[in-house]
Number of protein chains: 2
Amino acid sequence: MAEPRWLDEREMRAWSGFLAASALVNRRLDQQLKDDAGLSHPQYEILVRLAAAPGRELRMTELANGLINSKSGLTYQVTQMEKAGLVRRRSCPSDVRGVFAVLTDAGSAKLEEAAPGHVATVREVLVDVLTPAQLDALAEGLGEVGRRLRGQGA
Amino acid sequence: MAEPRWLDEREMRAWSGFLAASALVNRRLDQQLKDDAGLSHPQYEILVRLAAAPGRELRMTELANGLINSKSGLTYQVTQMEKAGLVRRRSCPSDVRGVFAVLTDAGSAKLEEAAPGHVATVREVLVDVLTPAQLDALAEGLGEVGRRLRGQGA
DNA sequence: CACGGGTTGTTCGAATTTGAATCACCGGTT
DNA sequence: AACCGGTGATTCAAATTCGAACAACCCGTG
């Protein structure tokens, strides 16, 4: 691999733009959620996923799969959120090993409280900055990127 | 803020695609760099920026500004890399407080060793997955996103 | 020249993340 | 029924991250 295909100008701009935007947007959202609702970004995502799940509960593994974190990271976060009363654990009746994370009413309320500010920030930093055409390009292009990485990685 | 403008379908797809791709791509690159060259992604970026700098050296603050990390995070990483012999510190002659991070020959060699595999991975997970039009949309759209966040945040 | 506001980099403690190891268990096989 | 590869979740130590506090210093002003 002595001479790989380096990135040309266009590719380089897309790549570094993606990298920078990725870091900056994540950083900004973390900060906004923490200030506004006392939630970390991972915690917010857990709330969203549980709220969308049937019965407002998911197995730990299912939660970890869709998420950024490793399994152990999820265990940690759920423990924190359980202390805060946002979720609770329920053992799975058909499999003693299995654990459901269940959204509590307090967790649901916390999500409703945090969501408007979060959405507003998402608009401010990303969605409202892009043209409709750019939005579509992101959805399709990055959607495919995600699909491939999920396919390989998992 | 009782009723914010929620994201419509198109916006939602773009947003969640961006979020997922951002996390997955970063994860994959971290892993590839670690396995392939024993570098973390932040460390690789430090090498790149130093290699591109005049005299192969930069002030700590300049390095931190372009970078993801907080100042203290940069101090930590540079210390690690100094132990590994990839960079060294040089105090600034005109300002006693100032510190330059200088790329060593070993650091330069490490970068040349790691770069081909890194670029190949970047192509594999992102660049070669996107159409030229999507590349342009990313470059322009996310470029603007980054510019705005830099303007505000700093 | 002394002063005060702003900068520079580091240090410190607390929070978080990761991967490896571990424990307990499921389900199919013999 | 005992076994066995694989699964689900947790625990643990180590590495990394951040923000706030800190010490030292620059520079323009009075």
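Below, chains carry the letters A, B, ... as their sequence lines are ordered, and counting in each starts from 1. In this text, all values refer to a predicted model and were calculated from it rather than measured experimentally. Values reported hereafter were calculated over all heavy atoms of this structure, with side chains retained and with hydrogens, waters and symmetry mates removed.
Between A/Q43 and A/Q80 the shortest side-chain heavy-atom distance falls below 4.5 Å.
Taking CD from A/Q134 and CG from B/L138, the interatomic distance works out to 9.0 Å, rounded to the nearest 0.5 Å. Here the CG-CD distance, from A/L111 to A/E113, works out to 9.5 Å after rounding to the nearest 0.5 Å.
The CG-P distance, from A/N26 to D/dC18, rounds to 12 Å in whole Å. As rounded to whole Å, 15 Å separates atom C1' of D/dC12 from atom NZ of A/K71. At whole-Å resolution of the value, CD in B/E57 and C1' in C/dG9 are 16 Å apart. The interatomic distance linking A/R90 (CZ) with D/dG8 (P) rounds to 17 Å, in whole Å. Spacing between atom CD of B/E45 and atom P of D/dT16 amounts to 16 Å, rounded to whole angstrom units. Between A/L63 atom CG and D/dA9 atom P the separation is 10 Å, expressed in whole Å. If you measure from atom CD of B/E62 to atom P of C/dT7, you get 15 Å, rounded to the nearest angstrom. Straight-line distance from the CG atom of B/L58 to the P atom of C/dG9: 11 Å, rounded to whole Å.
Nearest approach of B/L142 to A/F18, heavy atoms of both residues: CD1-CA, 3.7 Å.
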Under 3.5 Å between N/O atoms: give me all the protein pairs with nucleotides 24-28 of chain C, atom names plus distance.
unit_1: C/dC25; atom_1: O2; unit_2: A/R97; atom_2: NH1; d: 3.1
unit_1: C/dC26; atom_1: O4'; unit_2: A/R97; atom_2: NH2; d: 3.3

Shorter than 3.5 Å, N or O on both sides, protein versus nucleotides 17-19 of chain C: list them out with atom names.
unit_1: C/dT17; atom_1: OP2; unit_2: A/Q77; atom_2: NE2; d: 2.7
unit_1: C/dT18; atom_1: OP1; unit_2: B/R27; atom_2: NH1; d: 3.3
unit_1: C/dT18; atom_1: OP2; unit_2: A/S70; atom_2: N; d: 3.1
unit_1: C/dT18; atom_1: OP2; unit_2: A/S70; atom_2: OG; d: 3.2
unit_1: C/dG19; atom_1: N7; unit_2: A/S72; atom_2: OG; d: 3.3
unit_1: C/dG19; atom_1: O6; unit_2: A/S72; atom_2: OG; d: 3.0

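When the side-chain nitrogen and oxygen atoms of A/R89 are compared with OP1 and OP2 of D/dA9, none of them lie within a distance under 4.0 Å. Distances shown here put every side-chain N or O of B/Q80 at or beyond 4.0 Å from the OP1 or OP2 atom of D/dA15. For the OP1/OP2 pair of C/dT7 and a distance below 4.0 Å, the side-chain nitrogens and oxygens of B/R59 include no atom meeting the criterion.
Look at A/E62 and A/R59 and you find no salt bridge, because none of the NZ, NE, NH1 or NH2 atoms lies under 4.0 Å from a carboxylate O. Between B/D95 and B/R97 there is a salt bridge, since a side-chain N of the basic residue sits under 4.0 Å from a carboxylate O of the acidic one. Taking the charged nitrogens against the carboxylate oxygens, B/E124 and A/R148 have no contact shorter than 4.0 Å, which rules out a salt bridge.
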Table please: side-chain donor-acceptor pairs of residues 85-94 of chain A below 3.5 Å, with sequence neighbours left out.
unit_1: A/R89; atom_1: NE; unit_2: A/E82; atom_2: OE1; d: 3.0
unit_1: A/R89; atom_1: NH2; unit_2: A/T79; atom_2: OG1; d: 2.6
unit_1: A/R90; atom_1: NE; unit_2: A/E57; atom_2: OE1; d: 3.2
unit_1: A/R90; atom_1: NH2; unit_2: A/E57; atom_2: OE1; d: 3.2
unit_1: A/R90; atom_1: NH2; unit_2: A/E57; atom_2: OE2; d: 2.8

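With A/R123 contributing its side chain and B/R5 its backbone, the two residues share a donor-acceptor pair below 3.5 Å.
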